[in-house]
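Below is one structure, written out as structure tokens; the observations come after it.
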Amino acid sequence: MPSRLASACSSGCSALRNVSRQAENRRVKGRRLHAVAAEAQTVSREEVLTSHPFNNVTEGIFAKIGANLHRRPDHPICIIKEAIYAFFDERQPGVFAKLEDLHPVVTAKANFDEVLVPADHVSRNPNDTYYIDTETVLRCHTSAHQAETLRKGERAFLVTGDVYRRDTIDQSHYPVFHQMEGVKVLDRSQYSDAAEGAKVAEQELKETLEALAAHLFGTGIECRWVDAYFPFTDPSFELEIFFNGEWLEVLGCGVMEQQILDVNGCEGEKAWAFGLGLERLAMVLFAIPDIRLFWTSDQRFTKQFKAGKLNAKFKPYSKYPPCFKDVSFWLPEAGFTENNLCEVVRGHAGDLVESVVLIDSFTHPKKQRTSHCYRVAYRSMDRSLTDEEINDIQENVRASLADQLKVELR
Ligand code: PHE
């Protein structure tokens with residue numbers, strides 16, 4: 001998964017005030033609005049696009065909040081969610097609570113601190129996460145709800161929702177996607193001491209997720225376990241699935257860190273947790289080649305999927321030709337990140353951008369300056385683009401790169 005919570009570096013986030021109260025207000029408000037109109041925008045523009053200097057949420061991202069793809073019955077994201085629900089209901093009837101309308105605006109405390117993300121972890125960097133202000137973010141993973149849900153007394157639960165990450169652009173990365181978090185606290189009768197509990201948790205976790213993969217894809221699916229690092233689990237693993245000639249990471253998981261259990265009402269207990277990417281699973285299951293398709297309202301896409309039908313394979317309709325534009329520039333001394341470049345491109349092109357790839361990089365030996373050349377592929381999912389339209393977008397991209405990112409265009 002993009003910029004997953006797996007490596008360490010970079011800046012922390014400042015002290016938190018009054019956060020639990022704010023979070024509670026937001027949660028209640030979010031829930032009430034969802035109950036009234038599940039498909040309506042659930043936050044106001046002012047709440048998300050604040051003038052706080054730390055705010056890095058874009059109009060495009062704001063427009064996605066409240067879309068609730070995971071709650072539209074005939075949408076592939078919802079179909080896969082229901083299939084996972086069916087798996088858990090069959091395996092352990094009535095055990096897992098299902099939460100799917102928790103608000104995506106959360107405190108940095110819930111998103112990071114409560115799941116033990118270190119102060120210098122890369123995921124806290126505003127280059128990776130959308131901040132509303134220093135204390136409030138668009139959740140970057142459904143793990144943001146682990147602690148609060150344990151505190152509410154749930155001991156086995158599935159939390160599904162939209163998550164937000166600043167990222168690079170290609171066919172399997174999009175700044176909004178959907179995750180399902182699963183947490184299961186073991187029954188005390190399953191183990192006699194902590195060491196045994198951890199072993200049982202790991203075993204049950206792997207068995208459960210392998211069975212889930214077989215339930216979704218059939219027993220022939222090629223899967224592999226990869227050792228991983230997450231701040232909130234130990235040991236940690238990723239499950240990868242072979243798709244379109246490459247290994248695709250579809251979930252992260254592990255034995256929950258004891259501290260999270262201890263301070264949230266489960267002292268001395270043992271648990272496992274996983275977080276899976278619903279788009280990734282749906283791409284594999286339905287052979288959907290581009291992650292942007294989940295957001296299209298083109299009926300040639302939407303009509304292909306029906307609630308409860310897991311065996312549909314996406315039939316590509318005529319693909320419109322891509323249009324490539326290169327942009328070269330000297331990197332600014334103050335620093336440069338590809339995520340910021342991609343954010344600028346998306347800001348002007350929206351879903352018309354298919355990929356942004358670094359095709360050349362060199363450092364001038366005398367000037368000690370580095371130049372990058374990126375190839376931007378523009379392609380619409382549902383219409384052909386005119387040269388004029390693309391030229392306009394590219395001009396705007398170039399202007400913003402110089403203006404906002406302070407690069408020197410070549
Ligand atoms: N939150 C992790 C991610 O988004 C996934 C995860 C969830 C890993 C729960 C372990 C346990 O990448």
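One-based numbering, in listed order, for ligands and for the atoms of each.
- In C253, the part holding a heavy atom less than 4.0 Å from any atom of ligand 1 is the backbone.
- Applying the ring pair (Phe, Tyr, Trp, His ring centres under 6.0 Å) test to F242 and every residue at least two apart in sequence or in another chain returns W247.
- Applying the ring pair (Phe, Tyr, Trp, His ring centres under 6.0 Å) test to every pair with at least one member in residues 188-228, sequence neighbours left out, gives these pairs: F87-H215.
- Any N or O atom pair closer than 3.5 Å counts here, and S143 shares at least one such pair with ligand 1.
- Taking a cut-off of under 4.0 Å to the non-hydrogen atoms of H141, the atoms of ligand 1 that pass are 1 (N), 4 (O).
- Residues R166 and N340 bring a donor and an acceptor atom of their side chains to less than 3.5 Å of each other.
- Ligand 1 has Q179 within reach: a non-hydrogen atom of the residue lies less than 4.0 Å from it.
- The cationic atom of R346 (NZ for Lys, CZ for Arg) lies less than 6.0 Å from the six-membered ring centre of Y174 and within 45° of the ring axis.
- Contacts of F274 with ligand 1, taken as heavy-atom pairs under 4.0 Å, involve the backbone alone.
- Proximity of the aromatic rings of F324 and Y378 is defined here by a centroid distance below 6.0 angstrom, and this criterion is not met.
- Contact check on D162 versus R139 returns a salt bridge, with a Lys/Arg side-chain nitrogen under 4.0 Å from an Asp/Glu carboxylate oxygen.
- Interface atoms of ligand 1 facing T233, defined by a heavy-atom separation under 4.0 Å, are 10 (C), 11 (C).
- By the criterion of a heavy-atom distance under 4.0 Å, the side chain of R165, and not its backbone, is placed next to ligand 1.
- The shortest separation from a heavy atom of S236 to ligand 1 is not under 4.0 Å, leaving the residue out of contact.
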